[in-house]
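Whatever order the structure lists them in is the order used to number ligands and atoms, beginning at 1.
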Amino acid sequence: MVNLTINRKPVAVPEGTTIFEAARQNNILIPHFCYLEGVHQIGSCRICVVEVEGAKTLQASCMVTAQEGMVVHTHTEKVRKARQILYELMLSDHPRDCLSCGRNQNCEFQKLGELLQISDLRFEGERSHTAVDTSSPSIVRDTAKCILCRRCVTICNQIQGVGVLNAQKRGFKTVIGPAADLPLNSADCAFCGQCTTVCPVGALQEKDSTQPVWRALFAPDKRVIIQTAPAIRAALGEEFGLEPGTLVTGKMITALREMGFDAVFDTNFAADLTIIEEGHELLARISDACHGKPAELPMVTSCSPGWIKYIEHRFPQKLGHLSTCKSPHMMLGALVKSFYAARSGVAPQDLFVVSVMPCTAKKFEITRPELANDGYPNVDAVLTTRELAKMIKDAGIDFEKLADGQFDDPLGLSTGAADIFATSGGVMEAALRTVHEVVTGRELPFDGLRITPLSGLSSIKTAEITITDPLEAYDFLNGVTLKVAVTSGLSGARKLMEQVAQGESPYHFIEVMGCPGGCISGGGQPRPTNNAIRQKRMAAIYQEDEGKELRKSHQNPFITRLYQEYLEKPLGHKSHELLHTHYTA
Ligand code: HC1
Ligand code: SF4
């Protein structure tokens with residue numbers, strides 16, 4: 001341990017801790033912009049400067065390691081003046097259109113101005129060249145609002161390993177964006193939106209979908225259906241001041257009804273359906289391999305559209321490894337515009353399907369031509385968790401006071417296996433709960449159905465299950481050890497795919513989610529998202545699973561009925577038409 005003094009308070013921290021973190025661990029808050037928990041710091045904003053006794057200049061506290069005997073002061077007159085000048089210089093090159101900015105009252109730059117008691121605009125000068133990039137269906141980039149903190153650069157490069165955002169040009173002309181001034185849509189951006197979760201201002205935001213949804217809600221000839229992703233229920237409450245990890249499933253449903261949606265369905269229903277389709281696809285591929293037929297193994301999950309975009313850019317020759325299953329919300333959209341349309345007597349063109357997703361890449365996914373049926377997109381609009389919260393507030397709904405509602409039948413019932421889709425490792429665990437039982441007739445041989453090595457925030461997690469005494473139809477699997485891997489965040493995906501590309505992957509099945517920790521920390525989730533918050537959302541999701549009477553997708557009685565009455569059988573003709581697709585480079 002290292003002993004030092006911060007603001008006259010003696011503190012002890014582990015060796016290697018920065019002054020910034022030492023202060024934070026001891027409840028002393030130092031303002032900052034460029035700092036991002038758990039990644040290499042760049043010290044670019046200098047807002048976190050402090051005085052260290054004996055040092056000639058102010059020190060960026062996120063860059064300096066605490067030393068034995070150090071004496072630090074975080075809020076002296078000199079420090080406050082330095083922060084104020086830095087802030088005022090940033091403000092001099094900022095559009096200051098706060099009232100019409102999507103981050104109004106939720107902007108770290110605005111908050112710091114208040115904290116530093118900035119009341120004057122002392123510096124007025126030349127403004128840097130600016131541009132608004134609306135080329136992406138998911139992300140809007142407004143360089144006028146950018147304060148050059150480079151958090152987006154850190155997350156895009158160090159966490160996601162995509163590297164689309166970087167500092168271009170020099171000095172006053174510095175701009176954060178893709179090389180050669182490319183619009184995001186033409187760069188290799190995965191549209192994951194992780195940059196929008198860390199941007200302290202309105203420079204990187206999701207593309208607005210609230211207006212088309214309001215228009216649909218107000219249109220007399222539209223029946224507007226909404227579905228909510230597994231991860232929303234564990235995070236939406238944060239937008240209303242509730243503790244991270246507060247489950248708000250029932251309140252969310254009631255709010256959606258009060259807003260005027262004609263039916264509220266659960267993406268989780270289609271997550272259960274995905275498990276049935278994807279589980280059978282996995283077994284078919286393994287069967288082919290065991291019988292000497294060509295089979296693209298490992299099979300890799302296909303529900304995360306940021307991941308799909310990444311593999312298309314980086315490993316286009318390996319697209320055959322993707323499961324052909326559409327993502328659950330697209331499956332549900334396809335069912336709404338076919339099965340539900342027929343049952344309710346509404347023409348598909350009169351239905352408007354909205355998905356509430358924790359994900360910005362889903363806004364892109366719904367535009368993909370491979371994911372339409374009969375000329376209609378499966379889903380018409382995607383709202384992020386943040387956008388839904390804005391709409392609920394706009395509708396004058398007092399969220400905290402709402403009573404709990406219930407999803408509509410028949411596309412609203414789900415099992416615990418569907419809930420855990422929201423967190424990294426959940427799809428794999430849900431798939432194995434069903435696959436093992438289909439193959440052996442017995443439950444997974446793990447305590448409480450949990451495959452704990454597959455959960456948590458590690459970048460790559462693995463597990464093995466040896467199949468013993470399978471049912472007769474699966475004799476070929478007797479003694480086979482199923483090897484699986486799970487990753488979340490695109491840099492882990494790259495490592496696993498490099499093994500696949502080199503023909504060295506030992507796995508049968510890989511789960512990839514584009515965002516670190518899975519959908520609970522998707523690019524459209526409430527800000528901030530850090531590891532402590534991820535853990536709380538994750539715990540809430542497992543709590544939802546454990547509270548369900550049915551925890552295996554194949555137990556969902558509405559799924560059984562859907563096959564009996566409409567789809568016929570997993571991987572059947574109708575399923576292929578509505579629920580599966582092929583991505584081609
Ligand atoms: Fe996800 Fe999925 S789990 S992709 O992470 O497969 O976004 O929550 O809705 O579609 O079900 C996201 C979450 C979500 C899909 C499902
Ligand atoms: Fe990088 Fe994702 Fe942002 Fe694209 S959306 S710039 S890939 S962090």
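- Looking only at distances, a side-chain donor or acceptor of Asn530 sits under 3.5 Å from a matching main-chain atom of Ile533.
- Within a 6.0 Å radius of CG in Asp181, no more than 12 heavy atoms belonging to other residues, nucleotides or ligands are found.
- Every atom of ligand 2 with a heavy atom of Cys192 under 4.0 Å away is listed here by number and element: 2 (Fe), 5 (S), 8 (S).
- For ligand 1, the polar-atom distance check against Asn268 finds no nitrogen or oxygen pair separated by under 3.5 Å.
- Taking atom 9 (O) of ligand 1 as the reference point, the nearest protein heavy-atom neighbour is Ala229 CB, 3.0 Å.
- Considering only non-hydrogen atoms, atom 14 (C) of ligand 1 lies nearest to Pro230 out of Pro230, Gly518, Gly523.
- Nearest to atom 3 (S) of ligand 1 among the protein's heavy atoms is Phe421 O, 3.4 Å.
- Counting heavy atoms closer than 4.0 Å to ligand 1, residue Met330 contributes nothing at all.
- At distances below 3.5 Å, not a single donor-acceptor pair connects side-chain atoms of Lys326 with backbone N or O atoms of Thr581.
- Those atoms of ligand 2 with a heavy atom of Leu165 less than 4.0 angstrom away are 6 (S).
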side-chain contact (heavy atoms from CB on, under 4.5 Å) assessment of Ser135 paired with Arg141: CA-CA 9 Å; Ser135 64; Arg141 192 172 67 91; over 6 Å; no

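- Between atom CG of residue Leu184 and atom OG of residue Ser138 there is a gap of 9.5 Å, rounded to the nearest 0.5 Å.
- Here the protein heavy atom with the shortest distance to atom 4 (Fe) of ligand 2 is Cys189 SG, 2.4 Å.
- A side-chain N or O of Ser355 and one of Gln227 form a donor-acceptor pair less than 3.5 Å apart.
- In the vicinity of Gly193, heavy-atom distances shorter than 4.0 Å reach the ligand 2 atoms 2 (Fe), 5 (S).
- Nearest protein heavy-atom neighbour of atom 16 (C) of ligand 1: Pro328 CG, 3.4 Å.
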Worked verdict on Glu206 versus Arg386 for salt bridge (charged side-chain N to carboxylate O under 4.0 Å, His left out): CA-CA 9 Å; Glu206 63 267 70; Arg386 300 189 291 254; 3.1 Å; yes

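- Note on Cys156: counted as a metal contact of atom 1 (Fe) of ligand 2, an N/O/S atom lying under 2.8 Å.
- Of all atoms in ligand 2, listed by their number and element, those nearer than 4.0 Å to a heavy atom of Ala190 are 4 (Fe), 7 (S).
- In this structure, atom 8 (O) of ligand 1 lies nearest to the protein heavy atom Ala231 N, 2.8 Å.
- Residue Ala271 approaches ligand 1 through these ligand atoms, each under 4.0 Å from one of its heavy atoms: 11 (O).
- Within the 4.0 Å heavy-atom criterion, the part of Met357 lying near ligand 1 is the side chain and not the backbone.
- In this structure, atom 5 (O) of ligand 1 lies nearest to the protein heavy atom Cys519 SG, 1.4 Å.
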ring-ring contact (aromatic ring centres under 6.0 Å, His included) between Tyr340 and Phe265, worked out: CA-CA 11 Å; Tyr340 173 83; Phe265 291 142; 5.3 Å; yes

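- For the pairing with Thr529, the side chain to side chain donor-acceptor pair (under 3.5 Å) check across Glu238, Glu37, Arg537, Gln194 returns one residue only, Arg537.
- For atom 1 (Fe) of ligand 1, the N/O/S atoms of Cys303 include none lying under 2.8 Å.
- Judged by the 6.0 Å and 45° rule, Lys363 forms no cation-pi pair with Phe191.
- Of all atoms in ligand 1, numbered sequentially from 1 with element shown, those under 4.0 Å from a heavy atom of Met513 are 5 (O).
- Between the side chains of Thr301 and Glu511, no donor N or O sits under 3.5 Å from an acceptor N or O.
- In summary, the atoms of ligand 1 found under 4.0 Å from a heavy atom of Cys359, numbered by their order in the structure, are 7 (O).
- Between the side chains of Glu278 and Ser323, at least one donor N or O sits under 3.5 Å from an acceptor N or O.
- Residue Cys195 approaches ligand 2 through these ligand atoms, each under 4.0 Å from one of its heavy atoms: 3 (Fe), 5 (S), 6 (S), 8 (S).
- Listed by number with element, the atoms of ligand 1 under 4.0 Å from a non-hydrogen atom of Ser327 are 10 (O).
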Check against salt bridge (charged side-chain N to carboxylate O under 4.0 Å, His left out), Arg450 and Glu429: CA-CA 7 Å; Arg450 294 295 326 282; Glu429 189 174 311; 2.9 Å; yes

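- Counting the atoms of ligand 1 from 1 in the order shown, those under 4.0 Å from a heavy atom of His329 are 10 (O), 15 (C).
- For the ligand labelled ligand 1, residue Pro358 lies inside the 4.0 Å heavy-atom shell.
- Of the possible donor and acceptor atoms, one in the side chain of Thr487 sits under 3.5 Å from a partner among the backbone N and O of Ser459.
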